[in-house]
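Below, chains carry the letters A, B, ... as their sequence lines are ordered, and counting in each starts from 1. No experiment lies behind these values; they were computed from the predicted model shown.
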Amino acid sequence: DAGITQSPRHKVTETGTPVTLRCHQTENHRYMYWYRQDPGHGLRLIHYSYGVKDTDKGEVSDGYSVSRSKTEDFLLTLESATSSQTSVYFCAIGDRGTGELFFGEGSRLTVL
Amino acid sequence: AQRVTQPEKLLSVFKGAPVELKCNYSYSGSPELFWYVQYSRQRLQLLLRHISRESIKGFTADLNKGETSFHLKKPFAQEEDSAMYYCALMVQGAQKLVFGQGTRLTINP
């Protein structure tokens, strides 16, 4: 497996609380991505990064923010969690040219 | 806008039978397509990409630009093929993958 870890792996929180998920890589890949996986919707891109401090929105970015202050870490923040953000979140890394992404094990978030 | 559609949420076949997982795409540029697979308790991983024109674990997929399709096929299904399969499209320039809704394949003994 590629050197990519997500934390926490499981989290239960209440509506209105802030939540931060962390993705850490040891592969020095330029690109990092956050996806959410929901039944019937597959994987949908939330935000992605193409370098330190360079980020862009994906198709479901509302309610989420990201930061990448160094190559190895990509943080996903839910400023005020809602029940609709209950999901499994996947981080992925990749480099230009191959189209191959390496995925983390996922973080299961439940918002009550 | 780019879009990937997998019309079947669930697909169940018997061991030894042929398998075809359907994928259609919508994209204005030159498409670069992939199949990813997620086995039980494993990470999502690349299965194959169309530019390689390779066969992985007996699976093949041919890009049909006329029908905007990239269906995944295997002539004889094995029980270990049971998994979640995602078709994905690379958006050039942005270097991001757009995924379909996924198809859960179950191979019955």
Side-chain angles (χ1 to χ4, degrees), chain A residues 1-7 9-10 23-25 27 29-51 54-61 64 66 68 74 87-108, chain B residues 1-10 21-27 29-54 56 61 63 70 83-105:
Chain A
D1 288 332
I4 174 171
T5 55
Q6 295 182 226
S7 59
R9 295 288 315 285
H10 301 273
C23 178
H24 178 77
Q25 64 150 326
E27 304 295 321
H29 282 320
R30 177 181 176 187
Y31 294 88
M32 298 186 76
Y33 309 81
W34 277 108
Y35 287 89
R36 58 178 290 175
Q37 183 185 47
D38 303 287
H41 293 278
L43 286 158
R44 293 180 292 175
L45 182 64
I46 306 171
H47 282 281
Y48 65 104
S49 170
Y50 45 95
D54 291 323
T55 64
D56 205 349
K57 295 179 180 180
E59 56 186 310
V60 290
S61 59
Y64 301 95
V66 290
R68 191 171 179 196
F74 192 33
S87 186
V88 181
Y89 292 85
F90 285 95
C91 178
I93 61 176
D95 270 330
R96 179 179 287 277
T98 68
E100 180 172 8
L101 299 190
F102 298 94
F103 283 81
E105 294 179 284
S107 296
R108 183 175 295 275
Chain B
Q2 56 275 0
R3 178 174 292 179
V4 177
T5 303
Q6 294 178 248
E8 304 139 328
K9 288 185 180 179
L10 302 170
L21 288 79
K22 291 184 167 52
C23 172
N24 289 92
Y25 67 91
S26 174
Y27 186 54
S30 181
E32 192 172 341
L33 287 148
F34 305 81
W35 277 98
Y36 278 76
V37 61
Q38 187 175 27
Y39 300 104
S40 179
R41 296 190 179 86
Q42 294 188 27
R43 302 183 187 213
L44 191 64
Q45 59 188 280
L46 177 67
L47 179 62
L48 54 79
R49 67 195 86 187
H50 92 269
I51 57 174
S52 300
R53 302 185 66 82
E54 56 195 345
I56 302 295
L63 176 61
F70 187 57
M84 191 74 173
Y85 291 81
Y86 290 98
C87 184
L89 168 72
M90 173 62 75
V91 178
Q92 302 298 339
Q95 286 295 117
K96 60 183 182 181
L97 281 180
V98 174
F99 286 84
Q101 301 91 326
T103 298
R104 182 167 297 282
L105 176 65

Would you give the length of the straight line joining atom [atom1] of [X] to atom [atom2] of [Y], rounded to the nearest 0.5 angstrom?
X	Y	atom1	atom2	result
L97(B)	E100(A)	CG	CD	10.0 Å
Y48(A)	Q95(B)	OH	CD	9.5 Å
L43(A)	Q101(B)	CG	CD	11.0 Å
L44(B)	F102(A)	CG	CZ	12.0 Å
K96(B)	H47(A)	NZ	NE2	11.5 Å
Y36(B)	L101(A)	OH	CG	4.0 Å

- Query: With only heavy atoms counted, which part of L45(A) is less than 4.5 Å from chain B, the side chain, the backbone, both or neither?
  - Reply: side chain
- Item | Proximal component of Y33(A), with respect to chain B [non-hydrogen, under 4.5 Å] | side chain
Tell me, yes or no, whether the heavy-atom count around [X] atom [atom1], taken from other residues, nucleotides or ligands under 6.0 Å, exceeds 12.
X	atom1	value
R9(A)	CZ	yes
R104(B)	CZ	no
R108(A)	CZ	no

- Query: Looking only at atom types and distance, does a side-chain atom of Y35(A) sit under 3.5 Å from a main-chain N or O of F99(B), one as donor and one as acceptor?
  - Reply: no
- Message: Report which part of Q38(B) has an atom under 4.5 Å of a heavy atom belonging to chain A: side chain, backbone, both, or neither.
- Response: side chain
- Message: Can you tell me which portion of K9(B) sits under 4.5 Å from chain A's heavy atoms? Options are side chain, backbone, both or neither.
- Response: side chain
- Under the side-chain contact (heavy atoms from CB on, under 4.5 Å) rule, what do Q37(A) and Y86(B) come out as? Steps first, then yes or no, please. CA-CA 11 Å; Q37(A) 183 185 47; Y86(B) 290 98; 2.7 Å; yes
- Query: Do you know the tightest heavy-atom contact between I4(A) and R43(B)?
  - Reply: O-NH1, 3.1 Å
